[in-house]
Amino acid sequence: MRVSLQPAYLLHRQAYRDSSQLLELFTAEHGRISLVARSVRRKARGGSTGALLQPFVPLLVSFSGRAELKTLTGAEAAGGAVQLRGERLFSGLYLNELLVRLLHRHDAHARLFAHYAETLQDLASGTPMDEALRRFEFSLLEELGYNFDLTHEAHGGPALQADSWYRYESGGGMLRPVADVQREIPLFLGDDLLALSRGEFSDSSRKTAKRLMRLVLADHLGGKPLRSRDLFSHYGDDNRSDASA
């Protein structure tokens, strides 16, 4: 198998043997793939491929091989690196970790690839960070078939009411809480859920979206915490906003 000039972004890399790296890439046509980049940690005149293999750089990669772990045969920049700093850098790393954890290898997600690129640009351009992250999370769930209705109760139930409260049922969707346990579980106001179904992010619906997405994503992460969230927790109370992952 030989693939040439495939649009891609680096999600993760780690040292491999003496001078190579193992790469996790998100590609436009081949989904998430694993590659070995040989000898990229050696110094080379005119710069090395390793210097190009950085997160948030749009790439064109070429690779070959019959095994699941294929070999990188070439890489070039397809544009300038997206410049992210502070919380926005951590947000980009959060997106990368979500993709590594949740995407199956070799499943193409062309729309999600495009949305990922757009989200990086949104983070760099000053778009409200929480809105950019939540929109991507909803898009990711939809692509993976994990999305659920925000206008009706789960299991074909009635339409959500703006003045009612609802709970999230794991793997199902929104349901009215059982009266005797409603104080022990997170509840969400119908008005906020309906706003999110329309893609509207007010101060209230932003907070609802963050709380809800944490519950939903925890369903699919197998109880293993995300390392990128630790970056937010160590960033400092004076700098950290309520928009984190």
Taking all non-hydrogen atoms of both residues, which atom of Glu169 and which atom of Ala154 are closest, and how far apart?
OE1-CB, 4.4 Å
Using the rule that two of Ile, Leu, Val, Met, Phe, Trp, Tyr join whenever any of their side-chain heavy atoms come within less than 4.5 Å, decide whether Met213 and Tyr146 are in one cluster.
yes
Distance in Å, His152 NE2 paired with His155 NE2, rounded so as to fall on 0.5 Å steps
14.5 Å
Check the hydrophobic clustering (I, L, V, M, F, W, Y; side-chain heavy atoms under 4.5 Å; chains of links allowed) and say if Leu93 and Leu221 are grouped together.
yes
Is Leu25 linked to Leu60 within one hydrophobic cluster, defined over Ile, Leu, Val, Met, Phe, Trp and Tyr using a side-chain heavy-atom separation of less than 4.5 Å?
no
Do Phe188 and Leu196 have side chains that approach each other closer than 4.5 Å (heavy atoms only, starting at C-beta)?
no
Could you tell me whether a side-chain N or O of Ser34 sits under 3.5 Å from a main-chain N or O of Glu24, the two making a donor and an acceptor?
no
For a quick test of reading the model, state the closest non-hydrogen atom pair linking Val100 to His12 and the distance between them.
CG2-CB, 4.4 Å
From CG (Leu175) to CG (Leu160), nearest 0.5 Å
9.5 Å
Joint cluster assignment, Ile185 & Trp165, ILVMFWY side-chain distance < 4.5 Å
yes
Does the pair Asp107 and Leu103 meet the rule for a side-chain contact (heavy atoms from CB on, under 4.5 Å), with working shown?
CA-CA 8 Å; Asp107 282 352; Leu103 290 185; over 6 Å; no
Minimum-distance pair of heavy atoms, taken over all atoms of Leu69 and Val36:
CD1-N, 3.8 Å
Any chance you could lay out the side-chain contact (heavy atoms from CB on, under 4.5 Å) test for Leu11 and Leu95, step after step, and finish with the verdict?
CA-CA 9 Å; Leu11 300 179; Leu95 298 182; over 6 Å; no
Please check if the side chain of Glu143 supplies one atom and the backbone of Arg111 the other of a donor-acceptor pair under 3.5 Å.
no
Please confirm whether the backbone N or O of Ala28 pairs with a side-chain atom of Gln6, one donor and one acceptor, at under 3.5 Å?
yes
Is there a side-chain contact (heavy atoms from CB on, under 4.5 Å) between Val57 and Leu10? Walk through the geometry before answering.
CA-CA 7 Å; Val57 177; Leu10 176 71; over 6 Å; no
Check whether any side-chain heavy atom of Tyr116 lies under 4.5 Å from a side-chain heavy atom of Asn96, and answer yes or no.
yes
Test item: Leu212 and Asp192 side chains (from C-beta on) under 4.5 Å apart, heavy atoms:
no
Is the backbone of Ala209 close enough, under 3.5 Å, to the side chain of Arg134 for a donor and an acceptor to pair up by distance?
no
If you take all heavy atoms of Pro186 and Arg211, which pair is closest and at what distance?
CB-NH2, 3.8 Å
Report yes or no: does Tyr166 contribute a side-chain atom to a donor-acceptor pair with the main-chain N or O of Gln161 at less than 3.5 Å?
yes
Ser202 side, atom OG; Lys207 side, atom NZ - distance, nearest 0.5 Å
10.0 Å
Show your reasoning for whether salt bridge (charged side-chain N to carboxylate O under 4.0 Å, His left out) applies to Arg176 and Glu153.
CA-CA 8 Å; Arg176 288 180 183 271; Glu153 291 190 41; 3.4 Å; yes
When rounded to the nearest 0.5 angstrom, what is the spacing between CD in Glu68 and CZ in Arg105?
5.0 Å
Under 3.5 Å, side chain of Gln21 to main-chain N/O of Arg13, donor-acceptor pair present?
no
When you look at CZ of Arg198, are more than 12 heavy atoms from neighbouring residues, nucleotides or ligands closer to it than 6.0 Å?
yes
How about Leu5 and Ser62: do any of their side-chain heavy atoms sit closer than 4.5 Å?
yes
Atom of Thr27, atom of Ala8 and distance for their closest heavy-atom approach
CG2-CB, 3.8 Å
Could you check whether any side-chain heavy atom of Glu137 comes within less than 4.5 Å of a side-chain heavy atom of Leu217, counting everything from C-beta outward?
yes
Donor-acceptor check, side chain of Thr208 to backbone of Ser205, threshold 3.5 angstrom: yes or no?
no
Is there a side-chain contact between Met129 and Leu123, using heavy atoms and a 4.5 Å cut-off?
yes
Describe, in one word, how the ring planes of Phe113 and Tyr9 are oriented to each other, choosing from parallel (under 30°), tilted (30 to 60°) and perpendicular (over 60°).
tilted
Check: Gly171 main-chain N/O paired with Asp219 side-chain donor or acceptor under 3.5 Å:
yes
When rounded to the nearest 0.5 angstrom, what is the spacing between OH in Tyr94 and CG in Leu99?
10.5 Å
Could you go through the side-chain contact (heavy atoms from CB on, under 4.5 Å) check for Leu112 and Phe136 one step at a time?
CA-CA 8 Å; Leu112 185 64; Phe136 183 81; 3.8 Å; yes
Main-chain N/O of Arg135 paired to Ser139 side chain as donor or acceptor, under 3.5 Å:
no
Please name the pair of heavy atoms, one in Lys224 and one in Arg101, separated by the smallest distance, quoted to 0.1 Å.
O-NH2, 2.9 Å
So how far is it from Met174 CE to Arg167 CZ, rounded to the nearest 0.5 Å?
9.0 Å
Linking I/L/V/M/F/W/Y whenever their side-chain heavy atoms sit closer than 4.5 Å, directly or via other members, would Val61 and Met1 fall into one cluster?
yes
